[in-house]
Amino acid sequence: MTSELVQLSLDGPIATVVLNREEKLNALNSEMLAALEEYADVLDRSQDVRVVLMTGTGRAFCVGADIIEWSDLTPLEMGRRWIRDGHRIFARYARLPQPVIAVLNGYTFGGGLELALAADLRLAAAGAQLSFPEVKLGIIPGWGGTQRLGQLVGPSRAKQMIFSGERVDAEVAERWGLVNEIVPGEQLAQRARELAEAIAANGPVAVQMSKQLIDAAAADRGEGGAVMESLAGSLASYTADAQEGVSAFRQRRAPRFSGR
Ligand code: COA
């Protein structure tokens, strides 16, 4: 299965995954998740690919999970499939042997930020904005955001972002260590390419072992958080507030939350 909505191109040692659903700001639907998983298989097995770039077309990297799609799922579909699928697929990228660089060309929200957090490094275009807007819909980040954000920026900043849903611009994100570098938009692809080439020129075994060692140092935390996030994510998606949040989004109005 290949999808027009996510494209994989291989160019020598550099692979590029492009989220290509520009008219929906690259919101992730199940077809895109399946394509991402298929490409993770290809990349995982490749002896030739040394670096993976991941980016989006248009004005967004990705604005998160497709609200229209997930809001039609039953609670069991949500817990057994949607949330588990995202966790499994994003973890595949986090655990790829090769370094993965997320190239944030614009809006990076919700599930899009969770995908970027699964990468090893993040480059951001100067105007990029990052946020976890889930609480504005009455739900929580369910694809690893509550787990990976705090590890990167510390619990206090993670709580600020996740509790408020406020956008963080590229400068703040860089200061917080959420992105590695800010690059003027028109130079982003070139800088990503340069960095990928610099990494690809290094000993691949050394690079890949370094990745595993750095990740192993941070991994002593068990899988309990992912299980909790799956359960809480399923639950939170079916509150009255989640219904109100989705309705408000569909109707393009401000939500009125009741705390139920
Ligand atoms: N899921 C599904 N569709 C989405 C989407 C999402 N997460 N985010 C945006 N879209 C769609 C819009 O519905 C619109 O589709 P349409 O043209 O068929 O109406 C299209 O993408 C463009 O978005 P639009 O809202 O018109 O662009 P904008 O520049 O005015 O606003 C955002 C951009 C990102 C601020 C706004 O789309 C937004 O808040 N999206 C929701 C982000 C979110 O809550 N993510 C977490 C999801 S769990």
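Just so you know, ligand 1 is whichever comes first in the structure, and atom 1 is the first atom listed for that ligand.
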With no hydrogens and no angle check, just 3.5 Å: does a side-chain donor-acceptor pair link S71 and R250?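 Yes, side-chain donor-acceptor contact under 3.5 Å.
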
Do we see a donor-acceptor contact under 3.5 Å between the side chains of S30 and E69?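 S30 vs E69: donor-acceptor pair found between side chains.
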
Should the heavy atoms of other residues, nucleotides or ligands under 6.0 Å from CD of Q47 be counted, would the total exceed 12?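 Check fails, neighbour count at 12 or below.
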
Does atom CZ of R253 have more than 12 heavy-atom neighbours, drawn from other residues, nucleotides or ligands, at distances under 6.0 Å?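 Atom CZ in R253 is crowded, with more than 12 foreign heavy atoms closer than 6.0 Å.
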
Are any of the N or O atoms of [X] closer than 3.5 Å to those of ligand 1?
X	answer
I67	yes
A65	yes
V63	yes
K24	yes

Do you see a protein non-hydrogen atom under 4.0 Å from atom 30 (O) of ligand 1?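 When distances to the protein are checked, atom 30 (O) of ligand 1 has no heavy atom within 4.0 Å.
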
Only one of D66, L19, V63 forms a side chain to side chain contact (heavy atoms under 4.5 Å, CB included) with N26, so which one is it?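 Passing option: L19.
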
Do me a favour and list the nearest non-hydrogen protein atom to [atom] with residue, atom name and distance?
atom	result
atom 48 (S) of ligand 1	W70 NE1, 3.6 Å
atom 41 (C) of ligand 1	F249 CE1, 3.7 Å
atom 37 (O) of ligand 1	L25 CD1, 4.0 Å
atom 20 (C) of ligand 1	E23 O, 3.3 Å
atom 43 (C) of ligand 1	P133 CG, 3.5 Å

Residue pair H87, I83: steps toward the side chain to side chain contact (heavy atoms under 4.5 Å, CB included) verdict: CA-CA 6 Å; H87 267 275; I83 293 181; 3.6 Å; yes

Identify, by atom number and element, the atoms of ligand 1 in contact range of A27, meaning under 4.0 Å from any of its heavy atoms.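 Going through ligand 1 atom by atom, the ones under 4.0 Å from A27 are 1 (N), 2 (C), 6 (C).
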
Atoms of ligand 1 less than 4.0 Å from F109 heavy atoms?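 Every atom of ligand 1 under 4.0 Å from some heavy atom of F109: 34 (C).
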
Does even one non-hydrogen atom of [X] get within less than 4.0 Å of ligand 1?
X	value
R252	yes
R59	yes
F132	no

Decide, yes or no, whether a salt bridge links K211 with D120 under the criterion of side-chain N to carboxylate O below 4.0 Å.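 Between D120 and K211 there is a salt bridge, with a charged N closer than 4.0 Å to a carboxylate O.
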
Proximity of R167 to ligand 1 by residue part, where a heavy atom lies under 4.0 Å: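 For R167, only side-chain atoms sit under 4.0 Å from ligand 1.
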
T108 vs Q129, side-chain hydrogen bond (donor to acceptor under 3.5 Å, both in side chains): CA-CA, chis, key distance, verdict: CA-CA 6 Å; T108 302; Q129 295 186 322; over 6 Å; no

Among the clusters formed by ILVMFWY side chains lying less than 4.5 Å apart, do W143 and V17 turn up in the same one?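 Yes: a chain of side-chain contacts under 4.5 Å links W143 to V17.
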
Given the rule in the salt bridge (charged side-chain N to carboxylate O under 4.0 Å, His left out) test, do R148 and E114 qualify, once you have shown the distances and angles that lead to the verdict? CA-CA 8 Å; R148 288 199 176 99; E114 290 171 311; over 6 Å; no

